[in-house]
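One structure below.
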There are 2 protein chains.
Amino acid sequence: MNFQQLRYVRETVRQGLNLTEAAHRLFTSQPGVSRQIKELEDELGVQIFVRRGKRLVGLTEPGKAVVQMVERVLQEAENLKQAAKEYAEQDSGTLAVATTHTQARYSLPRVVAAFRRRYPKVHLLLHQGNPTEIAEMLIGGEADLGIATEALEDYKQLLAMPAYNWSHCVVVPHDHPLANIERVQLEDLVKFPIVTYDPHFAGRSHIDQAFAARGLEPDVVLAAIDSDVIKTYVELGLGIGIVAAVAYDAKRDRGLRALEAGHLFRSNTTRVGIRRGAFLRGFTYSFIELFAPHLTRKLIETSMAGAGENYEL
Amino acid sequence: MNFQQLRYVRETVRQGLNLTEAAHRLFTSQPGVSRQIKELEDELGVQIFVRRGKRLVGLTEPGKAVVQMVERVLQEAENLKQAAKEYAEQDSGTLAVATTHTQARYSLPRVVAAFRRRYPKVHLLLHQGNPTEIAEMLIGGEADLGIATEALEDYKQLLAMPAYNWSHCVVVPHDHPLANIERVQLEDLVKFPIVTYDPHFAGRSHIDQAFAARGLEPDVVLAAIDSDVIKTYVELGLGIGIVAAVAYDAKRDRGLRALEAGHLFRSNTTRVGIRRGAFLRGFTYSFIELFAPHLTRKLIETSMAGAGENYEL
DNA sequence: TATCCTTACGGAATTCGTAAGCATG
DNA sequence: CATGCTTACGAATTCCGTAAGGATA
């Protein structure tokens, strides 16, 4: 049994039981992968994959158990390397953060600036993606840290910690009929075309729920991935916008007016996600704490140790 | 990084930083171990061992962290193999139980008999040792299961689950002055020479505590490792014996008389110990449950998952 | 001086990639 | 017949043991 064999098994599973693709991803030859996997199966004394003729078509019962444990061994091995790096290259290395547009655009700039001042030698990588992609990057080990409002808490492999709560607001042009209304209601909103987030992003689910609960059918004419696109089209008069409150800046967004909407939609919790059982570099804890000061290293370590459900703010 | 290197590091630490001895134990050459360890250090970018001239004299700070994680990787790898075996050789394999004389002699025979009937193809190994040795065999992976009254709960690497409580009794020859006393007291006992367990065994600690709490100084003339030796010398008139109540059998021990002593000494808890994080074969759970029916597989798995303090009955 | 680690070197074993073969959809 | 896994074989690499060297207590 060696690490190479374990990596081959893991990658083959990740690539949907396609040996050729797994070999390609690991920059090696396909027959090599085939043979190594077979040797591992021989050594363990169990078939991992169900083969039909010369195709891999599934995991055997023992195979499922084996794959799970393979993942753990590789995770621990990765942790070992990371722990060594923590000493070998103190305060330098790479931090990969996966996040959504809203966070990258509005919450993270100040964090990134502070972080770079504190850790000038750390190579900071920001990956933008939708919440599902972020979760998958964390699970696959491509990102060390994920920040998103949706999805992260749905994966049991991840620890999703609440960073902060926020509400939506409604943005309209200054000359819009709703511009000077006192306390806007859902019934007011459905009279106009609506511009808001794509279903997978930034609390869109809470928006849909609120309308559905009142039996209202909003006319969403544009579902965007980012707040800036939404604001742009609202300024053009395409409709009224529903965006995260943080995305409205009175100074910058002179053409728009923001209406409180905290009473209309359930508030949202932005979470910081990390892979359970992963070893985190010291500067990763620092980044998290810069982003959400209550998420101290100690708290995170405790949460990791706990068998753990995700908790609420 | 490969498993061989990790095993070399682990064994070197276990052998007190003696490369030669580690190589010997792993049936390989000493230069091989030396080189592989160095290559691992190079790859990780940290020194694991402190070298003075050409001797290994300690672990570096990163080394301590590395060693800990090496242990985890190897443990997970071992678990993987065990899990595969669980499928490959269902209901066959090896179960190594480490235990003390008292357990082996009085509690385990019925368990072993039942187990062998249920799992005729499992190779059952019983290792006898003192509680500390038992704990170390568990930690070193030489035993799957430990049963003892002392020590197991002191190791944080072990999960020690209470199996049953028991008390001591006093045994005397039939013609002894204490033979017909109603409710024997500590003050009665100190008038005679005492024959009991070695300090590391079978609740001896509770015996000493009881006398010390009353300011009494018992005259222990023989400290034995097993109950049979104690009973033999009591029959010879060397003194009065204090043994585990289970060790007295009215039929077999005709020459002796047993006096209740549950009120004199704190009762003792015999525990089942397993290595935390170890994968247990199905028949291992069965053995434990035969020994202590309340320790079900489910309970054990829950206790393992918990970050876990050891608990009491 | 005995113990114990490192370095050097040659042989053995393992690993790996290319090429060819064959089953599936 | 295109895709995808297995088998075969030769080359390259890695691993390992013996022998020699040097440091420490």
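For clarity, every value in this text was computed on a predicted model and none was experimentally measured. So that the names make sense, note that chain A is the first sequence line, chain B the second, and so on, each numbered from 1.
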(Q) Please report the interatomic distance CZ(A/Arg297) to OG1(A/Thr302), rounded to the nearest 0.5 Å. (A) 11.5 Å

Q) How many angstroms lie between atom CZ of B/Arg275 and atom CD of B/Gln157, to the nearest 0.5 angstrom? A) 7.5 Å

Q: Report yes or no: do A/Glu150 and A/Ser205 form a side-chain donor-acceptor pair below 3.5 Å?
A: yes

Q: State whether a side-chain donor-acceptor pair under 3.5 Å links A/Gln82 with A/Glu78.
A: yes

Q. Mapping B/Thr20 and A/Arg55 to their closest nucleotides on DNA chain C, which lands nearer the 5' end?
A. B/Thr20

Q: Looking at every strand, decide which applies to A/Ser29 at a 4.0 Å heavy-atom threshold: base, sugar-phosphate, or nothing.
A: base

Between atom [atom1] in [X] and atom [atom2] in [N], what is the gap in whole Å?
| X | N | atom1 | atom2 | value |
| --- | --- | --- | --- | --- |
| A/Phe3 | C/dT15 | CZ | P | 14 Å |
| B/Glu21 | C/dC4 | CD | P | 9 Å |
| A/Phe27 | C/dG17 | CZ | C1' | 16 Å |
| A/Glu39 | C/dC16 | CD | C1' | 11 Å |
| B/Ile37 | C/dC4 | CD1 | P | 15 Å |

Taking N or O atoms only and anything under 3.5 Å, show me the protein contacts with nucleotides 6-9 of chain C, one pair per line.
unit_1	atom_1	unit_2	atom_2	d
C/dT6	OP1	B/Arg51	NE	2.7
C/dT6	OP2	B/Ser34	OG	2.3
C/dT7	OP2	B/Lys38	NZ	3.0

(Q) How bent is the helix from C/dT1-D/dA25 to C/dG25-D/dC1, measuring the angle between the end axes built from five pairs each, rounded to 10°? (A) 40°

Q | Nucleotides bounding contact with chain A, strand DNA chain D, heavy-atom threshold 4.0 Å | A | D/dT3 to D/dT7

Pairwise side-chain contact, [X] with [Y], heavy-atom cut-off 4.5 Å (strictly under):
| X | Y | value |
| --- | --- | --- |
| B/Leu26 | B/Gln4 | no |
| B/Met304 | B/Ile274 | yes |
| A/Ile225 | A/Asn130 | no |

Under 3.5 Å donor-acceptor, [X] side chain and [Y] backbone:
| X | Y | answer |
| --- | --- | --- |
| B/Gln5 | B/Asn2 | yes |
| B/Asn79 | B/Gly277 | yes |
| A/Thr99 | A/Ile147 | yes |

**Q.** Contact list for residues 2-20 of chain A, test salt bridge (Lys or Arg N to Asp or Glu O under 4.0 Å), sequence neighbours left out
**A.** A/Arg14-A/Glu71

Q) What residue pairs, at least two apart or across chains, pass salt bridge (Lys or Arg N to Asp or Glu O under 4.0 Å) with a residue in residues 28-41 of chain B? A) B/Glu41-B/Arg51

Q.
Nearest heavy atom decides the nucleotide; on that basis, is B/Gln36 or A/Asn18 closer to the 5' end of DNA chain D?
A. A/Asn18

Q. According to the interplanar angle, ranging from 0 to 90°, do the rings of A/Phe283 and A/Phe115 count as parallel (below 30°), tilted (30 to 60°) or perpendicular (above 60°)?
A. perpendicular

(Q) Which residues in residues 5-17 of chain B have a heavy atom closer than 4.0 Å to any atom of DNA chain C? (A) B/Leu17

